[in-house]
Amino acid sequence: MGKYTSTISQMKSDILKSLSELEKGYGKRKLAIRRETGIPMSILTVLLKELKHEGNIELIMIWSESTGMPNGSGYCLSGNLKN
């Protein structure tokens with residue numbers, strides 16, 4: 001095990017905790033996850049990719065509630081795509 005393994009595990013845990021607070025069918029943008037966790041964007045991008053590859057999170061389309069139109073993408077826990 002590398003000397004950063006526990007730090008990486010903690011950051012992944014913080015990301016999953018942040019996403020666990022969402023209702024089913026909702027996602028969170030990368031910028032919001034960065035603000036909540038304090039993880040630098042360059043590291044967050046890699047961790048999100050790893051979590052997605054591991055099957056822990058999924059990409060979700062984010063819709064504007066005022067227009068009903070697509071407004072980017074975000075992340076949610078696996079299995080939370082539909083409400």
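Worth saying up front: this structure is predicted, and the values here are computed from it rather than measured.
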**OP:** Give the cluster check for Leu47 versus Leu16: same hydrophobic cluster or not, with ILVMFWY residues linked at side-chain heavy-atom distances below 4.5 Å.
**Re:** yes
Original post:
Is there side-chain contact between Met11 and Ile8, with at least one heavy-atom pair below 4.5 Å?
Top reply: yes
Original post:
Does Met41 CE have over 12 foreign heavy atoms under 6.0 Å away?
Top reply: yes
Original post:
At their closest point, which heavy atom of Lys28 faces which heavy atom of Leu19, and how far apart are they?
Top reply: CB-CD2, 3.8 Å
Original post:
What distance do Lys12 atom NZ and Glu54 atom CD have between them, rounded to the nearest 0.5 Å?
Top reply: 3.5 Å
Original post:
What about Leu51 and Tyr4, same hydrophobic cluster or not, with Ile/Leu/Val/Met/Phe/Trp/Tyr joined at side-chain heavy-atom distances under 4.5 Å?
Top reply: yes
**OP:** Considering only NZ, NE, NH1 and NH2 on the basic side and carboxylate oxygens on the acidic side, decide whether Lys52 and Glu58 come within less than 4.0 Å.
**Re:** no
Original post:
If two hydrophobic side chains count as joined below 4.5 Å and joins carry through other members, does Ile62 share a cluster with Leu77?
Top reply: no
**OP:** Assess whether atom CD of Glu65 is packed by more than 12 heavy atoms of other residues, nucleotides or ligands within 6.0 Å.
**Re:** no
**OP:** Please collect all side chain to side chain donor-acceptor pair (under 3.5 Å) contacts where either partner lies in residues 69-79, sequence neighbours excluded, each pair once.
**Re:** none
Original post:
To the nearest 0.5 Å, how far apart are CE in Met69 and OG in Ser64?
Top reply: 9.0 Å
Original post:
Near Glu23 CD, under 6.0 Å, is it more than 12 heavy atoms from other residues, nucleotides or ligands?
Top reply: no
Original post:
Out of Ile39, Val46, Thr45, which residue meets the side chain to side chain contact (heavy atoms under 4.5 Å, CB included) rule with Ile43?
Top reply: Ile39
Original post:
Under a single-linkage rule joining Ile, Leu, Val, Met, Phe, Trp and Tyr whose side-chain heavy atoms are separated by less than 4.5 Å, which residues share a cluster with Met61?
Top reply: Trp63
**OP:** Any chance you could measure Lys17, atom NZ, to Gln10, atom CD, to the nearest 0.5 Å?
**Re:** 10.0 Å
Subject >> Side-chain donor/acceptor of Ser9 to backbone N/O of Ser6, under 3.5 Å >> reply: no
Subject >> Leu48 side chain reached by Ile57 side chain, heavy atoms, under 4.5 Å >> reply: yes
**OP:** Under the side-chain contact (heavy atoms from CB on, under 4.5 Å) rule, what do Arg34 and Arg29 come out as? Steps first, then yes or no, please.
**Re:** CA-CA 9 Å; Arg34 185 194 61 75; Arg29 295 180 191 272; over 6 Å; no
